[in-house]
Amino acid sequence: MRRAAALLALALVAAPLAGCGSSSSRAERVTLADLNIRYPPATTGSPAPAPLCGTASLRPPAPMPTPGAMPVGSSMWQIQKRGYLNVGIAQDTEPLAFVSPVSGQPEGFEIDLARQIAAAIFGNKPGDVHFHALTSAQRDKAAQTADDLVIDAVTITCKRRKEEDFSNVYFDAKQQVLVPAGSQIHSVADLAGHHICVTGGSTSLYTLEHVARRAHPYLVSQRSDCLVALQEGLVDGITSDSAILFGLAKQDKYAKIISPILADEPYGIAIRKKYSDLVRFVNGVFDEMRRNGAWRHLYSIWFSSSSGPPRPRYSG
Amino acid sequence: VSPAGSDYTVEGLQPVATLPRTGARVRMPSVLGWGRDRATTTPGKLALISILVIAGAVAFGVIATVAVVTRGHAARAARSQTEPLLRDAVTLYTSLADANAQNTVTFHHGGLEPAGRRLQYVNDLNRASDSLATLARKVGAAAGAPAAVRTVTQGMPVYAGYIEDARANNRQQFPVGAAYLRAASSLLTRTILPAAGRLYTIEAVRLGGDYGTGTATGPLAVLVVVAVLALGLLVWAQVFLARVTRRVFNVPMLLATLVLAGTSIWAVAGLLGERSALTRAQRDGSDPVQVVSATSALVSRALTDASLIAVNHGTDDVDPKDLIRMIHVLAPPAGLFVQLKSLAGGTVTTSAADQLQSEFATFRSDPSKATPAETLHANLQTEIDAAHRRFVSAAADATSSVSGLSIAVPVLIAIAAALALLGLRQRLGEYR
């Protein structure tokens with residue numbers, strides 16, 4: 001009887017205590033979970049098959065349309081109606097296309113090409129090009145679905161020719177290797193056993209894996225990341241196209257491009273298959289630039305080169 | 001028939017007829033037999049009661065002292081060790097996140113970096129270094145802690161180096177500057193901040209453990225049970241004495257009962273007070289510190305994401321994903337702002353919660369306009385400091401509730417036991 005009473009008294013005392021003991025509060029749990037959210041993983045992209053199948057493109061229209069008066073119903077007319085040209089570019093590739101650290105605006109040889117084409121469509125109206133920055137791995141999808149033109153060091157390969165149309169070659173690049181001063185790498189054979197930086201989703205990666213099987217590729221998503229990797233001593237060299245390596249070497253006085261050539265990299269402007277009239281139009285703009293010296297002028301500005309533009313090749 | 005009176009015999013003078021029974025006792029000498037024998041005589045019973053009272057007092061004394069000492073220790077540890085370390089871990093995380101936001105926003109806006117933003121970055125780095133130094137000294141060998149400290153210690157100079165590379169290249173107008181910024185940010189978000197997050201987790205779990213020990217109901221319930229049992233024993237002993245001696249009161253035992261009851265009430269009240277003060281320290285102090293600082297850190301992370309998206313001109317597929325995640329984590333219906341709002345008016349000022357929310361709404365409508373809001377961070381720091389002051393005051397209440405008890409409880413219990421024994425001996429002496 002007495003024990004029962006004592007137990008009852010205990011139960012009364014203990015009951016209000018039981019519910020409110022909390023060792024881990026809601027705030028604590030929420031904070032712990034949120035501050036430990038992992039960053040999404042980075043993606044680089046698989047190699048782009050490099051074999052080439054010629055570079056011949058479509059012949060320009062016999063009389064080129066007058067700027068600002070595109071033929072009704074043509075792809076250029078659609079663009080003119082829209083009011084701007086969509087162009088996919090690189091944002092970190094001096095001297096082809098890069099966002100200037102000073103102005104914050106895109107600059108470079110490829111940017112100037114885009115502006116020339118836009119001028120031929122719209123006449124001389126400012127602000128008529130919309131630039132979209134792309135990584136190497138993003139270029140093909142952009143060319144096939146989003147942008148009117150992708151001017152981003154796209155090599156004209158067999159695989160790409162099946163999926164996209166290409167303008168005439170606007171730059172005859174060669175895949176080469178950039179090394180720091182004093183490097184022991186002088187030939188393709190020397191690459192064996194070395195860590196070589198290369199951009200994911202590029203033909204350079206494909207070629208490196210085929211011509212230098214014993215080199216260790218170091219994959220990055222943006223071309224300028226390779227210069228960071230080289231300057232930090234993470235890699236022994238960078239392989240990419242001559243135009244790109246030229247731009248990287250300009251930013252590092254201790255970097256040099258060695259002479260061996262791993263592959264030809266002819267660049268063309270990638271355009272959707274159904275826009276063949278746009279391909280012809282772009283080739284017409286190129287022809288005009290060859291004639292009036294604009295092309296030679298751009299080459300001298302961006303590549304300090306006096307050589308002329310690549311010769312056009314037509315198939316139809 | 002009163003069995004207590006009639007059973008009274010003196011050993012050795014028992015009738016011969018009972019000898020076989022005592023013979024059995026001789027054959028099996030045991031504690032049980034000894035106890036049974038004692039229980040048959042009144043002095044024996046009094047001696048047994050004395051032993052029980054001592055045992056009860058010792059049990060109560062030990063349990064009460066252990067409870068009081070453990071709780072006091074947990075409250076003191078929370079106040080002077082774990083909460084300050086948790087604040088250091090929080091400062092490390094938020095300073096690094098803000099440092100990165102300052103840098104990415106500078107690059108995003110382009111041109112020459114504003115002196116104020118550079119200063120803010122250097123201050124962030126200094127605060128992070130101070131917190132890291134304290135953590136490195138005090139975090140101890142908890143699982144993963146030394147490795148996390150090492151990761152942050154080794155990572156911070158590399159991060160700072162990348163930032164300086166980025167600035168130097170930017171000053172020469174080399175586009176590779178942006179690549180160095182990406183490298184710095186990637187190192188911070190993938191390696192350094194996760195390690196800082198682990199340190200934060202270790203400290204938060206440790207503080208949670210102190211709160212758990214300091215507010216657990218188990219020891220309190222046991223203490224109440226033991227106190228009731230000990231008091232019951234004393235009362236029962238006095239009822240027994242009153243019956244055998246026909247005296248209603250035994251003054252020393254009555255005093256012992258009062259002392260025991262007083263001690264019990266003091267100890268239980270002290271523990272309840274400590275418990276409620278510690279609960280308050282968590283609810284009004286360290287919880288708001290955690291929510292506000294987590295919000296601040298994640299706003300910095302969202303800002304960094306937005307700036308990097310701009311710096312990369314849309315080429316990266318990582319930062320947009322992270323930005324979406326951050327917006328989800330921060331924004332209603334389930335985000336940290338909801339937590340912050342629920343604290344608003346109580347432990348977080350409504351204006352700070354509102355400002356944070358409107359700042360975030362502006363940012364969300366146009367992430368490209370992201371600027372690190374120095375005033376916002378200053379306001380959050382004010383909130384954190386205020387919450388910390390509330391923690392310190394409540395934690396001080398918690399420790400003072402149980403201070404003195406760890407010495408007073410054993411002394412008072414000993415006094416009560418001595419008084420009870422004195423009372424029992426007086427009665428026992430009457431049989432000699």
Side-chain angles (χ1 to χ4, degrees), chain A residues 2-3 6 9-10 13-14 17-28 30-43 89-94 98-104 106 131-135 138 220-229 231-232 247-248 250-252, chain B residues 93 110-111 162 165 169-170 172-180 182-183 186 189-190 194 197-198 200-201 204-205 207-209 211-212 215-217 220-221 224-225 228-229 232 236 279 282-283 286-288 290-291 293-294 297-298 312-318 321-322 325-326 329 336 339:
Chain A
R2 210 179 292 142
R3 189 178 296 168
L10 269 184
V13 174
L17 301 178
C20 45
S22 67
S23 59
S24 128
S25 70
R26 186 168 139 73
E28 184 190 307
V30 166
T31 311
L32 283 178
D34 290 344
L35 282 188
N36 286 301
I37 294 172
R38 305 290 297 186
Y39 221 67
T43 51
I89 53 156
Q91 53 102 7
D92 68 336
T93 308
E94 203 182 349
F98 58 99
V99 176
S100 158
V102 189
S103 64
F131 290 110
H132 307 123
L134 304 169
T135 62
Q138 292 168 336
V220 295
S221 65
Q222 312 230 10
R223 292 171 190 136
S224 55
D225 293 342
C226 271
L227 189 56
V228 173
Q231 291 178 344
E232 288 298 312
L248 294 183
K250 268 179 74 175
Q251 302 177 58
D252 186 342
Chain B
Y93 194 108
Y162 280 158
D165 282 339
N169 277 291
N170 221 33
Q172 297 182 73
Q173 302 172 7
F174 290 159
V176 73
Y180 271 104
R182 275 198 299 278
S186 165
T189 52
R190 282 167 208 285
R198 283 198 294 282
Y200 170 83
T201 304
V205 166
L207 180 60
Y211 282 137
T215 59
T217 37
L220 199 54
V224 172
V225 171
V228 168
L229 288 179
W236 174 74
T279 307
Q282 181 174 22
R283 191 193 58 222
S286 58
D287 276 0
Q290 292 192 38
V291 172
S293 44
L298 295 181
N312 290 325
H313 301 276
T315 51
D316 72 325
D317 46 3
V318 172
K321 279 185 207 153
D322 198 60
R325 185 75 200 269
M326 285 305 110
V329 165
L336 276 172
Q339 295 267 325

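A quick note: this is a predicted structure, and the numbers were derived from the prediction, not measured. In the text below, chain A, chain B and the rest are named by the order of the sequence lines, each starting its count at 1.
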Inset, instruction - Mind ranking B/Ala294, B/Gly197, B/Pro175 by heavy-atom pairs under 4.5 Å with chain A and telling me who comes out on top? - result: B/Pro175
Inset, instruction - Between chain A and each of B/Gln172, B/Lys321, B/Arg190, B/Arg198, count heavy-atom pairs under 4.5 Å; write down the option with the most. - result: B/Arg190
Legend entry - From CA spacing to verdict: side-chain contact (heavy atoms from CB on, under 4.5 Å), B/Asp165, A/Glu232: CA-CA 10 Å; B/Asp165 282 339; A/Glu232 288 298 312; 3.4 Å; yes
Legend entry - Best-contacting candidate, A/Leu227, A/Val99, A/Asp252, A/Thr93, against chain B by heavy atom pairs under 4.5 angstrom: A/Val99
Inset, instruction - Verify side-chain contact (heavy atoms from CB on, under 4.5 Å) between B/Val176 and A/Leu248, making sure each step is shown before the conclusion. - result: CA-CA 8 Å; B/Val176 73; A/Leu248 294 183; 5.8 Å; no
Legend entry - Under 4.5 Å from any heavy atom of chain A - which part of B/Ala183: side chain
Inset, instruction - Tell me, for B/Tyr180 versus chain A, whether the close heavy atoms (under 4.5 Å) come from the side chain, the backbone, both or neither. - result: both
Legend entry - Atom group of A/Gln91 that falls short of 4.5 Å from chain B, counting heavy atoms: side chain
Legend entry - A/Val220 side chain near B/Arg182 side chain, heavy-atom distance below 4.5 Å: no
